[in-house]
Each structure stands twice: as structure tokens, then as C-alpha cells.
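Atoms within a ligand are numbered from 1 in the order they appear, just like the ligands themselves.
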Amino acid sequence: MTDTHAAVGIIWRGDNEVLMQRRRPQQTFSGYWEFPGGKIQFGETPAQALCRELQEELGITVTTLQPWLRRRHQYPHGNVMLHFFHVRAYAGVPYAAEGQQWQWTLLAQSPSPLLPANLSLWKWLSLPSVCAVTAAEIFGVEEMIKRMQAALANRLKLVQLRDKNISAEGRRHLATTAATLCRAHQALLLINDDEQLARDVQADGVHLSSGKLAVCDRRPDFLWAAASCHHEADIAKAVTLGLDFVVLSPVNKTLTHVKATPLGWERFAEFATTAGLPVYALGGMTVADIAVAQQHSGQGIGMMRQAWNVQ
Ligand SMILES: Nc1nc2c([nH]c(=O)n2[C@H]2C[C@H](O)[C@@H](COP(=O)(O)OP(=O)(O)OP(=O)(O)O)O2)c(=O)[nH]1
């Protein structure tokens, strides 16, 4: 059966509210909450379809569209390929141009029932644009903690504790302190490749190295689970395990993996569009690359050294 393609808009008000509308009585899944959007018509690109739908449904003219992921869902009535976009700027004031019920919805208050294809996606909306990877191997543990404090105070919301080559005590001390700090700043902490340590310090989740990902046969039992990917096969495995996001590298040249051939942004975009889950770009990233990654369907960027250059 061929897929029906639909373009879907996540319309933001600030950082933690999105516009949701309710499917009307004559539609399938009537009464379910959905993001505005609809079927892509013959000859339209997904972006054109979304702009048309948002004009028709809400009377707004989109001025900035940011492509996000693409996700396939099997409904009883057929397969749908959903093309998601973030909408952060538009002209006009939204109104129910088709008589539908709609509301601004806080991310913490997922409306119910949500269209089934949107369930895991809702959780991913709270992911930030930067994933900072610890670098105690470079700075030392105490300096790393100081820099982490500063970065969290500066609104960092996602930390991956990596540092595989420091002492076990140093890593445990870093993990314990990072867990306390991240909790205090409502930031997520994922521990690289050590489920026991993640459990001991009550981290939010684990981050699998690509090596661990390859041999892992179940989703780690944490609220958040992510992985490092370098190839298509890694991403496919992450999807099979039902992970929440992946960090794909190296996108640009990086000091950490000097011999690796960078993917480049075009190839990154191919992966990020088709992965079906959020993808961060890693490798030679600076803050200026957040926007570049997002224009290429990425969730944002992963950074190691650059993330901690905070006074
Ligand atoms: N607009 C929108 N559609 C979604 C979302 N999630 C999701 O699975 N879909 C599906 C439902 C529909 O099958 C298709 C969008 O088509 P549509 O909104 O034009 O719906 P429709 O009533 O014409 O389609 P049908 O399902 O009743 O045949 O994508 C979402 O968040 N927003």
C-alpha cells in the first residue's frame, strides 16, 4: 500500500507551548488532538502544503519553517508519512477558520487523546537544541564541575556524561555532582554506557556508545535513552530499540576523531530527515551551527569543548 503524505506544523508560543487542535466529527480519529496540518496535494512540496493548510485552518501566514523529522505510521485505514516542521514565526492571529477546537498547550500537559502517531513525538518536543558532552578528560573533574555549573546557570538543559578515561572515583564523583546540579536546573543528565552508575545517581537516562548500541538487544530501562551513531545501520538499530534521540558524528572535522571522514551537512540532512527520531549533529560544532543543524532537519548540536567555554 502506498503512503499518504501529510505535512504537520508544530507552532510554538515561546519555548514551552504549542498549538493543538481537535479533529472534527467527520474526520477519522475524531476528537483526537493533533498538530495543525494535512495531506500534501499533488505537485506540492511538504513545506508548501503546510503553509496552505495553516492558512486554511488557522488563517496564519507562515514566515519561517524549520524542517524536523519525518515519521511513518500505520493506521487501520492506511499508512501515513508525516513530515513535521517547527513553526516559530508567522503573520496573523490564529483562529478556528474551519470551526475546529484549538488551544495553546503546555508541553507538560499533553492533551488526551493524542493521535497515536504523535505519542512518542510529544516527549521529544521538550528536547533542547544543545546536548553538552562532558570533558573532564580535558579540564579535570573539579574544573568540569565548575564549568557545568556555569553552563547550567546559562540555561543548558541536556548533559551527557562521557569521560571514559578518568578514574572510577572521579567519574562517580562527577556523576553524583552532575546529577544534583542538573536536577536543580531542570536539565536532563544521561550517563554514557553505564546503566549502574546512571541508576545509582538517579540520572534521567543512559547514552549508548555506538559499540554498546550494536550489541544492545533491548531499550535500556530509563526515562531517556539515546545513542551515538556514525552510520545508517546505527540509526536503524536506535530506532528498533525505541531510543529517544541519536547524536550523529562527525558532521564536521573534529579534534576528537581526527581520522574520521566528516559527513557534511547535506548527508546529515538525509539521515536526520529519514531517521524518524531527533538527531543531534556532533563534531566540530560551535553555537553558530545550531541554526545550521536545524535548517538541515536536526534537533540541534552536540558539543564537547565548546559547550564549556563559559566564564
Ligand atoms: N494534521 C495532522 N495529521 C496527523 C497528525 N498525526 C497524524 O498521524 N496525522 C495523520 C492523520 C491523517 O491521516 C493525516 C492528515 O490528513 P488530514 O488532516 O488531511 O486528515 P483527513 O481527515 O483528511 O484524513 P483522514 O485520515 O480522515 O483520511 O495525517 C497530526 O499531528 N496532525
Side-chain angles (χ1 to χ4, degrees), residues 1-62 64-90 92-127 239 242 244-245 272-279 294 297 299:
M1 198 190 303
T2 55
D3 292 347
T4 297
H5 287 253
V8 178
I10 301 158
I11 307 174
W12 290 88
R13 185 166 75 170
D15 286 338
N16 68 348
E17 276 182 302
V18 294
L19 195 157
M20 298 300 289
Q21 62 183 24
R22 211 158 192 192
R23 288 178 69 82
R24 286 162 289 136
Q26 65 276 23
Q27 292 180 291
T28 49
F29 283 94
S30 95
Y32 279 65
W33 290 90
E34 65 173 12
F35 301 102
K39 295 199 185 82
I40 300 172
Q41 293 176 0
F42 184 73
E44 281 181 329
T45 63
Q48 287 165 343
L50 184 61
C51 292
R52 175 185 50 70
E53 287 283 351
L54 298 190
Q55 188 73 61
E56 288 169 8
E57 293 179 352
L58 296 163
I60 59 173
T61 306
V62 173
T64 314
L65 267 189
Q66 177 194 314
W68 197 35
L69 45 86
R70 212 163 78 183
R71 209 170 150 75
R72 190 160 184 268
H73 190 82
Q74 284 181 309
Y75 282 110
H77 60 282
N79 299 335
V80 185
M81 177 62 86
L82 298 157
H83 302 245
F84 288 92
F85 291 84
H86 291 290
V87 179
R88 297 188 196 271
Y90 53 84
V93 178
Y95 72 99
E98 295 180 340
Q100 75 277 30
Q101 189 185 342
W102 71 274
Q103 65 183 36
W104 289 108
T105 307
L106 286 166
L107 295 187
Q109 291 168 4
S110 145
S112 182
L114 255 188
L115 269 186
N118 299 350
L119 286 172
S120 47
L121 207 120
W122 185 270
K123 178 184 175 192
W124 300 338
L125 293 180
S126 62
L127 283 172
V239 172
D244 294 301
F245 64 88
T273 310
T274 53
L277 83 183
V279 182
Q294 293 180 339
S297 301
Q299 176 68 32

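- Ligand 1 places these atoms under 4.0 Å from at least one heavy atom of A117: 8 (O).
- Scanning the protein heavy atoms around atom 15 (C) of ligand 1, the nearest turns out to be A6 CB, 3.8 Å.
- Every atom of ligand 1 is numbered from 1 in the order shown, and the set under 4.0 Å from a heavy atom of G37 is 1 (N), 18 (O).
- Defined by atom type and a distance below 3.5 Å, a donor-acceptor pair is missing between the side-chain atoms of Q21 and Q101.
- Here the heavy atom of the protein found nearest to atom 26 (O) of ligand 1 is T28 OG1, 2.7 Å.
- Only the side chain of H77 comes within contact range of ligand 1, with a heavy atom under 4.0 Å; no backbone atom does.
- In this structure, a donor-acceptor pair under 3.5 Å is present between the side chains of S120 and R71.
- When only modelled atom types and interatomic distance are considered, T61 and Q55 share a side-chain donor-acceptor pair under 3.5 Å.
- Taking atom 5 (C) of ligand 1 as the reference point, the nearest protein heavy-atom neighbour is L115 CD1, 3.4 Å.
- Checking K39, R71, R72 against atom 19 (O) of ligand 1, the nearest heavy atom belongs to K39.
- The shell of residues lying under 4.0 angstrom from ligand 1, judged by heavy atoms, excludes R24.
- Protein heavy atom nearest atom 8 (O) of ligand 1, with residue, atom name and distance: Y75 OH, 2.5 Å.
- The shortest distance between side-chain heavy atoms of F29 and P113 does not fall below 4.5 Å.
- Scanning the protein heavy atoms around atom 17 (P) of ligand 1, the nearest turns out to be G38 CA, 4.0 Å.
- Scanning the protein heavy atoms around atom 32 (N) of ligand 1, the nearest turns out to be F35 O, 2.6 Å.
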Would Q299 and W124 count as a side-chain hydrogen bond (donor to acceptor under 3.5 Å, both in side chains) here? Give the steps.
CA-CA 9 Å; Q299 176 68 32; W124 300 338; over 6 Å; no

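- Considering E34, R23, H73 only, the shortest heavy-atom separation from atom 12 (C) of ligand 1 involves R23.
- Note: H73 NE2 to N118 CG = 9.0 Å, rounded to the nearest 0.5 Å.
- For the 3.5 Å distance criterion, the side chains of S30 and R22 fail to qualify, holding no donor opposite an acceptor.
- Between W104 and W102, the angle of the ring planes goes over 60°, which puts this pair in the perpendicular group of the 30/60° scheme.
- Below 30°, between 30° and 60°, or above 60°: for H86 and W68 the angle between ring planes is between 30° and 60°, a tilted geometry.
- Using a 4.0 Å cut-off to heavy atoms of V80, the atoms of ligand 1 that qualify are 13 (O), 29 (O).
- Ring centroids of F85 and H83 are separated by 6.0 Å or more, keeping the two rings apart.
- Proximity annotation for atom 22 (O) of ligand 1: of H83, E57, Q27, Q26, Q27 comes nearest, heavy atoms only.
- If you check each of L121, T4, L82, L114 against atom 10 (C) of ligand 1, the one with the closest non-hydrogen atom is L82.
- The protein non-hydrogen atom at the shortest distance from atom 31 (O) of ligand 1 is N118 ND2, 2.7 Å.
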